[in-house]
Amino acid sequence: MDKKDCLTVNQLTRYIKRKFDFDPYLQKNLWIVGKLTNFKQRARHQYFSLKDDDAPEDQQAVIDAVMFGSDWEKVDFTPENGMEVILGGKVTVYERNGRYQFYVNRMLPVGVSAAQLAFQETYKKLKASGVFSHAQNPRPLNRFPKRIAIVTSNDGAVKHDMITRIRNNNPLAQVVFYPAQVQGERAAEDLARQIQRAGINGTFDTLIVARGGGSEEDLMPFNSEIVARAVAASLIPVISGVGHETDTTICDLAADYRAQVPGLAAEMATQLHLLDILTELQRARTQMANTIQNQLQQAQQQLQVLTSSYVFSQPARLYEGEQQHVDQLTEKLQQSMQWRLSQTSHDWQRLLDSLLLNAPANRLQQNRQQLTQLQQAMVHAMDKQLLSAGDRFKNLLSQLDSLSPLKVMARGYSYVTKEDNKVVASTSQLQPDEQVALHFSDGTAEAVIKKINKR
C-alpha cells in the first residue's frame, strides 16, 4: 500500500476529536459518577482520573479528567482519592497524546440529588443577579392591611387555614385569592403569572405565596427561576410560606419575609389582632382621661396658689423694680447726652481754630515772610560765593604766573628753535654749521652750530 493512501496520526486524532466535539450527547452537560484516583491538589488546574466503583476490579474503566482553575474555585468540599463523586462536564480528545478526557466544570459528593443540584445552580445564578436583595433589606409590612392577596392552590386545607387566621386577627381585612397550580410541570409558570397579576393590581398591602408540605420534587416549582424573579419584581411586600418548618425554597429567599408554614404567613400579614387593638385603645382612652383629670386638678391648685399671692393683692409691686431701673437709665442717658454735647462743642472749637489758622490771608502773610527770608538768604549766599570765587581766581593767577615760561627765561634761561620753528630738545637734532634761533625773554638771536659735544 502506498504511504499517500494512509492517514497520519495527527489526521486520525483530529478526526476522532471532531467526532467527539460534534456529538451532542458528549458535549451537553453530561453527568458521570465514579471514584477519584490519582488526585493530587494543585495550585490552579486539577488533573485526576475517575474509575467505576461497582464493577469488578479487573473490569473497572478509567477516564482521565481535567478541571480548570475557574471551575475548581467553586468546589465547596475537599476531594480525596477513593471518594465517590459526581462530575459534570463534557468529553473531548486531547490531540497531543490522542487520549480522550472528561473536562469537568462541576464536582459534587455522592448523595446530592438532582433537585438539590438544580437548587444550587439556580441559587447561585439568582444571587449573582441580585434577586435576593429584598430579603437582605425587607420592605415594612402594613400594620393595618386593608387588602391581602394570596397566591396558592384553590384546593386543600392551606387556603381555609389562612382564611380562618386572618378573620380571627383582622376581620376587616379583605382577602383576594389568586389560585395557581403548586406542583407539576406547568406549576412554575402558573405561579409566576398569578404573582405578577397580584402585583400589577396595585390595591393590595401584602402578597402571600403559600403551599403546604410536600416532597422535594413537589416543591420544585417554588425553586424555579421564573417564580423567584416574579417575587423579586413585586411592587408590594411578599411573605413566602412554603412547605414545612425544615423546608427552605428559593421563593423564601427572594421574598421580603419567610414564614415557616402557611398559617404563620397569615399571622405575619395580620400581626396586630383587631380585638387586641380595641382593648389597647380602650385602655389608652381610660389612661388619657385619668391623665387629663390629674392635670386639671394640678392646674386648679396652681391657679389658687397664684391668686392668693401678694403680687395679685398689690399689683403695684410688680413694676416697682422696673420703674427704678427706668429712672437709672434716664439719668444715665442725660449724662451721656451732656458729655456728647461738650465733646461736640470742643471738636467744633478745635476745627474753628484750625480753619482760622489756615485762612488764605494768614497763609499769604506767612508765605510773604518766608519769601523775604529766602531772598535775603539767597543774596547773602551769592555774596559769599562771589568772594570765595574771587579768592580762588587770585590764587590760580598767582600759580599760573609762577609757572609761566617767561618767568623762567627772565632768570637767564632760553630755548633753541630750528628754521621750521621746532623746539630743539636734544643735541641729536642738531648738525654742525646748522643755523638756529636763540629765544630770550626780551628777544631772539641768530647762531650757527660749530661743534656738538654729547655727554
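Just so it is clear, the model here is predicted, and its values are computed rather than measured.
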Requested in this report: Search all heavy atoms of Gln194 against all heavy atoms of Ala180 and return the closest pair with its distance.
Outcome: CG-CB, 3.8 Å
Query raised in the report: Is the number of heavy atoms from other residues, nucleotides or ligands under 6.0 Å of Arg18 CZ greater than 12?
Result: no
Report summary line: Note: Gln431 and Ile449 closest approach over all heavy atoms is O-CB, 3.6 Å
Query raised in the report: Can you find a pair of side-chain heavy atoms, one from Val379 and one from Asp383, that are under 4.5 Å apart?
Result: yes
Query raised in the report: Between Asn290 (side chain) and Thr286 (backbone), is there a donor-acceptor pair under 3.5 Å?
Result: yes
Requested in this report: Check whether more than 12 heavy atoms from other residues, nucleotides or ligands sit under 6.0 Å from atom CD of Gln304, and answer yes or no.
Outcome: no
Requested in this report: Determine the minimum heavy-atom distance between Tyr123 and Ile250, stating which atoms define it.
Outcome: N-CD1, 3.8 Å
Query - pair His325-Gln328: side-chain heavy atoms closer than 4.5 Å - result: yes
Query - Student check: side-chain heavy atoms of Leu438 and Val416 closer than 4.5 Å - result: yes
Query raised in the report: What class does the angle between the rings of Phe68 and Tyr103 fall in, given that below 30° is parallel, 30 to 60° is tilted and above 60° is perpendicular?
Result: tilted
Requested in this report: Could you tell me which non-hydrogen atom of Leu36 sits nearest to which non-hydrogen atom of Pro79, and how far apart they are?
Outcome: CD1-CB, 3.5 Å
Query raised in the report: Does Phe48 reach the side chain of Met107, with side-chain heavy atoms less than 4.5 Å apart?
Result: yes
Query raised in the report: When you check the side-chain N and O atoms of Asn170 and Thr270, is any donor under 3.5 Å from an acceptor?
Result: no
Query raised in the report: Taking side chain as C-beta onward, heavy atoms only, is Thr92 less than 4.5 Å from Tyr100?
Result: no
Report task. Kindly indicate whether the side chain of Arg229, heavy atoms from C-beta on, has any atom under 4.5 Å from the side chain of Ser129. Result -> yes
Query - Distance flag, aromatic centroids of Tyr47 and Phe39, threshold under 6.0 Å - result: no
Report task. Using modelled atom types only, decide if a donor and an acceptor are shared between the side chain of Asp256 and the backbone of Val238 within a distance under 3.5 Å. Result -> yes
Query raised in the report: Taking side chain as C-beta onward, heavy atoms only, is Val151 less than 4.5 Å from Leu207?
Result: yes
Report task. Provide the closest heavy-atom pair for Phe222 versus Ala210 in the form atom of the first, atom of the second, distance. Result -> CZ-O, 4.2 Å
Requested in this report: Assess whether salt bridge (Lys or Arg N to Asp or Glu O under 4.0 Å) is satisfied between Lys394 and Asp391, documenting all intermediate values.
Outcome: CA-CA 5 Å; Lys394 289 177 180 180; Asp391 293 339; 5.2 Å; no
Query raised in the report: Are Asp252 and Thr249 linked by a side-chain donor-acceptor pair shorter than 3.5 Å?
Result: yes
Query raised in the report: Relative to Tyr94, does Arg99 satisfy both conditions: NZ or CZ under 6.0 angstrom from the six-membered ring centre, and within 45 degrees of the ring's axis?
Result: no
Report task. May I ask you to test the Ile148-Val176 pair for a side-chain heavy-atom distance under 4.5 Å? Result -> no
Requested in this report: Show your working on side-chain hydrogen bond (donor to acceptor under 3.5 Å, both in side chains) between Ser49 and Asp64 and close with a plain yes or no.
Outcome: CA-CA 4 Å; Ser49 301; Asp64 291 333; 3.2 Å; yes
Requested in this report: Can you establish whether the number of heavy atoms outside Gln324 located under 6.0 Å from its atom CD is more than 12?
Outcome: no
Query raised in the report: Do Arg350 and Asp353 meet the salt-bridge criterion of a basic N to acidic O distance under 4.0 Å?
Result: no
Query - Distance-only side-chain donor-acceptor flag, Thr344 / Arg340, under 3.5 Å - result: no
Requested in this report: Looking only at non-hydrogen atoms, find the nearest pair between Tyr257 and Arg139 and report the distance.
Outcome: OH-O, 2.7 Å
